[in-house]
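Each ligand, and each atom within it, is numbered from 1 in the order the structure gives.
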Amino acid sequence: MRLLSGQFDSSKRRILVFSAISVVVLLAGLLALQYFSLVKLQKTSRDAQKLTRLLFLQTVAAKTSDEYLHRAQQLLTLPMPEPSAKDVNQIETHFREQYWKGAEFVFVAFFTHKKETQILIFDPAQNSFNPHFEWPVHVLEPVLAPWQLLSANGISPDRGKVRVNEVNAEHRILLVPILDKSSRVTGVTGMLADIGFFRNEFVPSIVRAYLPKYGSAQDKITLTLRSPFNQLLFSSDPTSRDDETSVPLPQVFTDWRLGLQGQGLSPEQSAGRNFVLNFSLALMMLVLLGGAVGLMLRGAMKEMKLSQMKSDFISNVSHELRTPLSSIRVFAEFLRLGWIDEPARIRETGGRIEAESQRLTQLIDNILDFSRIESGRKEYRFEKTSLDTVVQNALKIVEAPSQRANFKIDYENLTLNSPQCVIDRDAMTRALVNLIDNAVKYSRTSKNIVIKVDQNGDFATVSVIDHGIGIPLSDQQRIFEKFYRAGSSLVHDVKGTGLGLTIVKHIVDAHHGRITVDSKPGAGSTFTVFLPWNNGSVDRRPEEDRPTPSKPS
Ligand code: ADP
């Protein structure tokens, strides 16, 4: 039966250990998985942030060109169906109404059949055509030449679209062809781009309009405009550094670049920070989870140990009950059969029956006491009592069995007057009997036990000293736990329930005292109960001034 329970227990323990290892492996796997997915996420989020920034930059660049060309288109598209040199007044009115600061000046050129070109310059300063306007002939001529050619050859270009000529970066010209009914070029309207306006007003206004539409409060950016020689022309933030990325402007000012800088962390840094944060969180959660599982497994182990202890307890109690009962039955049978008839032997047998039943009573009392303690029903009746009286009571109870086992118990009272303590006499007697009983049980060949009453500060002390098998340090804390029995084979040779010291500790605690153990394997043990004394009758003189302690006969 014991073997079976042992096997069952070890297989349960194996299952628990296996579960613990599985949980650790699972958690490590989860952590590794989390790590790799976070590394991937770090890369993806960094790339995503870079792409978002690039797309935003491209959008702003496209909007800049679109808006600029749209304004130019409005200015340069004449409202009449077939504009000609006769419509000069109407054209002038149109330029006046549609004039926009993006143009340094506006012009209209008509190509005549005689391959001549009539050019009218609209002067923004005068708000009218100005025949005396000093226009850069060398700039306009090469721009107009291809259109003259188209006109002379009657070739039809696409209608309406603004053409940008940036061959001369200092003089960027935007043109819209004038077409007749049959879509042949009869002239062009054009404007000279105002570079200062583009750089100082137009781009900044577009950037300011679009910048708030980007990202979040954490991801702030700066937009810049740079010339082909990387000269900074404009920046949305005065403390700008090098651009992270840049794109050329499409369609107009195509040699200029719009650039972007992150104000806070770079995409790499912020992805790295997110990685560290997420990984630490994951690690923390897994540590917590591991801790919880560890606690659960520990609880299960403890529960298993307790159930093992309980089953040991039942088998030990059965044995403890059976031994005195069979002795009593044998002695009773001898008497009934008349095998013992001498009065002296009858008295001796009666004494043995009495001793065995006393042992039974003590065992049952211990079990009942333990059950009361466990269910919280244990009650104490405290009264002022001399500690000496309690020790004498306990000695009376253990006298007969210890004498039969050839034990010599010495009692030393080192106090002048025996200390008066508030004690539950029966409970404290039981505690001392349990301690003396253990001293007898675990003494083996050395058959001398000493009971010592003394004082220690505000405490009266009772020590039970034996020279028996002793208790290893690792067991000393645990022997007060319920059902606990030290693991040595010397202990298992002696029968016991593992309840004696649990009860002693409970009783001592109820008296607001404490119990200590001082023991060495092979050298014996000293259990000392400390009880608060409260009437000043304890001898407070130094040890050397005290009288020689009385020893029992
Ligand atoms: P038990 O019924 O086993 O004696 P106890 O609660 O009284 O139960 O004691 C718990 C354990 O403490 C014992 O099993 C024994 O290992 C150890 N023990 C108690 N008293 C002594 C002692 N005087 N000497 C050696 N070991 C002791």
Provide, to 0.1 Å, the distance between [atom] and the closest protein heavy atom, together with that atom's residue and name.
atom	value
atom 2 (O) of ligand 1	T497 N, 2.8 Å
atom 17 (C) of ligand 1	I479 CG2, 4.0 Å
atom 26 (N) of ligand 1	I471 CG1, 3.3 Å
atom 6 (O) of ligand 1	L501 N, 2.8 Å
atom 3 (O) of ligand 1	R485 NE, 2.5 Å
atom 19 (C) of ligand 1	N438 ND2, 3.5 Å
atom 23 (N) of ligand 1	D466 OD2, 2.8 Å

Exercise. Are more than 12 heavy atoms from other residues, nucleotides or ligands located less than 6.0 Å from atom NZ of K452?
Worked result: no
Problem set entry | Over 12 foreign heavy atoms within 6.0 Å of CZ, R404 | yes
Charged N to carboxylate O below 4.0 Å: is that the case for [X] and [Y]?
X	Y	answer
D369	R372	yes
R430	D365	yes
R359	E356	yes

For this session: Indicate the ring-plane relationship of H506 and Y380, choosing parallel, tilted or perpendicular according to the 30° and 60° boundaries.
Result: parallel
Atoms of ligand 1 close to [X] [distance to a heavy atom under 4.0 angstrom, numbered from 1]:
X	result
L499	6 (O), 8 (O)
A486	14 (O), 16 (O)
G470	25 (C)
K441	1 (P), 2 (O), 4 (O)

Exercise. Just wondering, do L223 and F56 contact through their side chains at under 4.5 Å, heavy atoms?
Worked result: yes
Counting only nitrogen or oxygen atoms and a 3.5 angstrom limit, does [X] reach ligand 1?
X	result
G498	yes
Y484	no
G500	yes

Exercise. Among T239, D242, D243, which one satisfies side chain to side chain donor-acceptor pair (under 3.5 Å) with Q261?
Worked result: D243
Seminar exercise, completed: side chain to side chain donor-acceptor pair (under 3.5 Å) test vs N434 passes for just one of N366, T429, T502, namely N366
For this session: Show the numbers, then the answer: is there a side-chain hydrogen bond (donor to acceptor under 3.5 Å, both in side chains) between N413 and T415?
Result: CA-CA 6 Å; N413 191 337; T415 60; 2.6 Å; yes
Exercise. Is the closest heavy-atom distance from F527 to ligand 1 below 4.0 Å?
Worked result: yes
Problem set entry | Option with minimal heavy-atom separation from atom 22 (C) of ligand 1, where the choices are Y442, F480, F313 | Y442
